Structure formats: C-alpha cells, structure tokens
Amino acid sequence: MKRFLLVIGVLLVLAGILGLVNPTFRYHQKKEVAKLGPIQATVDEENTVEIPKIASISLALVGLVIVLLAPRLKT
C-alpha cells in the first residue's frame, strides 16, 4: 500500500509540474457537418485547452503531501 501511494504521489507531482511548464495543449476533433446519402462532409477542428495554474499547483502540493506521508502509514 505504501508503494502504491508513493507512485500516485510522484505521478501527481509530475502532472502538476507538467501543467505549470506547459499550461496549454491542443487536440484535433473531426466533426461531421453534412451528410447526403453516402457522401459525408467533415471538418477537422483544432481545439486548445488551458490548464489553470491553481489546478497545477494543487496537484503538485497534494502529490507532495502524499509522498511525504505515505512512508509513515502503518500497515
């Protein structure tokens, strides 16, 4: 159980740091705009999402707390 919590804590810290270093990410989404029988018209739309800084900081802090407290748990 301790090892599992340590891994989760480290992953949360890394996710928080990654969110602070690179706060935006882009993804593509295909949308169907028209369909006439067997013919389809699709549009490839690029979307950008920004991760709030408070969310990244919170992830990093929660992960750090888990990493620091996990070894002290009694099994």
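Both backbone and side-chain heavy atoms feed into the values below; hydrogens, waters and symmetry mates do not. Computed from a prediction, not measured in an experiment: that's the story for all the values here.
For V33, the side chain to side chain contact (heavy atoms under 4.5 Å, CB included) criterion is met by A41, V43, not counting sequence neighbours. By the side chain to side chain contact (heavy atoms under 4.5 Å, CB included) test, L59 pairs with L12, A15, sequence neighbours left out. Scanning for side chain to side chain contact (heavy atoms under 4.5 Å, CB included) contacts around L18 gives an empty result, with sequence neighbours left out. With sequence neighbours excluded, no residue forms a salt bridge (charged side-chain N to carboxylate O under 4.0 Å, His left out) with K30. For L6, the side chain to side chain contact (heavy atoms under 4.5 Å, CB included) partners at least two apart in sequence or on another chain are V67, A70, P71. The side chain to side chain donor-acceptor pair (under 3.5 Å) test applied to E32 returns no partner, not counting sequence neighbours.
Grouping Ile, Leu, Val, Met, Phe, Trp and Tyr by side-chain contacts under 4.5 Å, direct or through others, puts L11 with V7. In this structure, V65 belongs to a hydrophobic cluster whose other members, linked by side-chain heavy atoms under 4.5 Å apart, are L69. Other members of the cluster containing V13 are I17, V21, L64, L68, with ILVMFWY side chains joined at under 4.5 Å, either directly or via other members. Hydrophobic cluster membership of I57, counting Ile, Leu, Val, Met, Phe, Trp and Tyr whose side-chain heavy atoms lie under 4.5 Å apart directly or via other members: L20, L61.
Taking NZ from K35 and CD from Q40, the interatomic distance works out to 5.0 Å, rounded to the nearest 0.5 Å.
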Cut-off 3.5 Å, no hydrogens considered: what does the side-chain donor-acceptor table look like for residues 47-55, sequence neighbours left out?
{"residue": "N47", "atom": "ND2", "partner": "Y27", "partner atom": "OH", "Å": "3.4"}
{"residue": "N47", "atom": "ND2", "partner": "Q29", "partner atom": "OE1", "Å": "3.1"}

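Under the 4.5 Å side-chain contact rule for hydrophobic residues, V10 and F4 do not share a cluster.
Within the structure, the salt bridge (charged side-chain N to carboxylate O under 4.0 Å, His left out) test picks out no pair touching residues 11-24 (sequence neighbours left out).
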